[in-house]
Amino acid sequence: MPYDPSDFPPFAVTVDLVVLTVRRHALCALTVRRGEEPFQGQWALPGGFVRVDEDLASAAARELAEETGLRTQDSGSRHAAAHLEQLATYGDPGRDPRMRVVSVAHLVLAPDLPAPTPGGDAGGAQWTPVAGLLGGDGGAPAERLAFDHARILADGVERARSKIEYSSLAAAFCPAEFTVGELRRVYEAVWGVALDPRNFHRKVTGTPGFLVPVGGTTTRQGGRPAQLFRAGEATALNPPMLRPEV
């Protein structure tokens, strides 16, 4: 039998973005206030429909720029480039009241970014502490996200927490040059735990290829001058930086 597309119900593909950064020593996610129905006025993850002429990564980068004014690559920035990867695919038939929509979620890890500028159909954009979006210790979330975005965000946060155990991606939350103390605060923010400074310093400086001294110091955190490092060539950490049990 010849193939007839009309024999199959239509559905759309979207991209949703879990954009994580560390601000004021807290793990924060980028959220946008929806300017249109469904869920008008409610906070959500940035994202939107994939155009027929673009691939998924291009759609993710475009939606991030359109809704927030942020970009995954900025050659003129003093920060390291943001990390972008596919997270998971979400296709529950009832996840979007408009029609059958399959979303390919992406995870973006970035250094301390400026306040986002809303655009497109977004009515607002802000960095929101993850703890207030997901809840914790039995408490209810302070903000309820639209669609199934709370589940997507939870999956993205857990991916980030796991990846910095075995990879060097924690440095993606840091500026191009950073101190061990700044890196430690990234781990503490992402994992939600306090780490012993001396033990952490010994581990990260003793992990081959993780950190490279740049030959300078800084006092931007106050106190005595601290040595500056940049990310090394290693992508996998051996031994890994296992998170403490809580």
Side-chain angles (χ1 to χ4, degrees), residues 9-22 27-32 34 38-39 42-52 54-68 70-73 81-110 113 116 122 125 127-136 141 143-170 172-173 186-187 189-192 235-237 240 242-243:
F11 71 94
V13 178
T14 62
V15 289
D16 288 309
L17 301 172
V18 179
V19 186
L20 300 177
T21 194
V22 175
L27 182 65
C28 296
L30 185 61
T31 57
V32 296
R34 289 189 55 79
F39 305 106
Q42 198 165 327
W43 290 99
L45 299 176
F49 290 94
V50 179
R51 296 172 178 169
V52 295
E54 64 184 353
D55 58 30
L56 294 172
S58 298
R62 174 182 54 78
E63 285 292 339
L64 182 66
E66 285 182 357
E67 294 200 4
T68 68
L70 301 176
R71 289 173 170 77
T72 56
Q73 299 287 337
H83 171 81
L84 171 71
E85 66 176 64
Q86 280 194 26
L87 174 62
T89 302
Y90 300 84
D92 188 289
R95 63 178 303 274
D96 192 315
R98 293 169 292 189
M99 64 182 296
R100 181 69 191 275
V101 176
V102 174
S103 178
V104 182
H106 289 69
L107 176 65
V108 181
L109 308 180
L113 292 169
W127 293 108
T128 305
V130 165
L133 296 171
L134 298 180
E143 293 282 355
R144 184 174 180 179
L145 295 175
F147 303 102
D148 54 355
H149 288 184
R151 175 190 172 191
I152 298 175
L153 175 62
D155 291 347
V157 169
E158 179 54 35
R159 170 76 68 85
R161 287 172 173 167
S162 298
K163 287 190 78 81
I164 67 171
E165 289 188 275
Y166 296 95
S167 78
S168 59
L169 275 179
F173 288 103
V186 166
Y187 275 91
V190 176
W191 285 344
T235 56
L237 302 183
L242 299 180
R243 61 182 128 168

Which pair of non-hydrogen atoms, one from [X] and one from [Y], has the smallest distance, and what is that distance?
X: S103; Y: V15; answer: OG-C, 4.1 Å
X: A160; Y: L20; answer: CB-CD1, 3.9 Å
X: V190; Y: F173; answer: CG2-CE1, 4.0 Å

Residues in salt bridge (charged side-chain N to carboxylate O under 4.0 Å, His left out) with [X], at least two apart?
X: E54; result: R62
X: R159; result: E85
X: R100; result: none

Gap between atom [atom2] of [Y] and atom [atom1] of [X] - 0.5 Å precision:
X: L153; Y: L17; atom1: CG; atom2: CG; value: 12.0 Å
X: W43; Y: L133; atom1: CH2; atom2: CG; value: 10.0 Å
X: H83; Y: L169; atom1: NE2; atom2: CG; value: 4.5 Å
X: I152; Y: T89; atom1: CD1; atom2: OG1; value: 10.0 Å
X: L145; Y: L134; atom1: CG; atom2: CG; value: 7.5 Å
X: T14; Y: L45; atom1: OG1; atom2: CG; value: 10.5 Å

Any residue meeting side chain to side chain contact (heavy atoms under 4.5 Å, CB included) with [X], in chain and number order, not counting sequence neighbours:
X: A170; answer: I164, L183, V186, Y187
X: R243; answer: E158, R161, S162, E165, W191
X: D92; answer: R95
X: A12; answer: F49, M99, V101

Do the side chain of E63 and the main chain of P46 share a donor and acceptor less than 3.5 angstrom apart?
no
Ignoring hydrogens and geometry, is there a side-chain-to-backbone donor-acceptor pair from T21 to A110 under 3.5 Å?
yes
Just checking, any donor-acceptor pair under 3.5 angstrom between side chains of D155 and Y90?
yes
Of all residues at least two apart in sequence or in a different chain, which pass the ring-ring contact (aromatic ring centres under 6.0 Å, His included) check with H149?
F147
side-chain hydrogen bond (donor to acceptor under 3.5 Å, both in side chains) filter on S167, not counting sequence neighbours, yields none
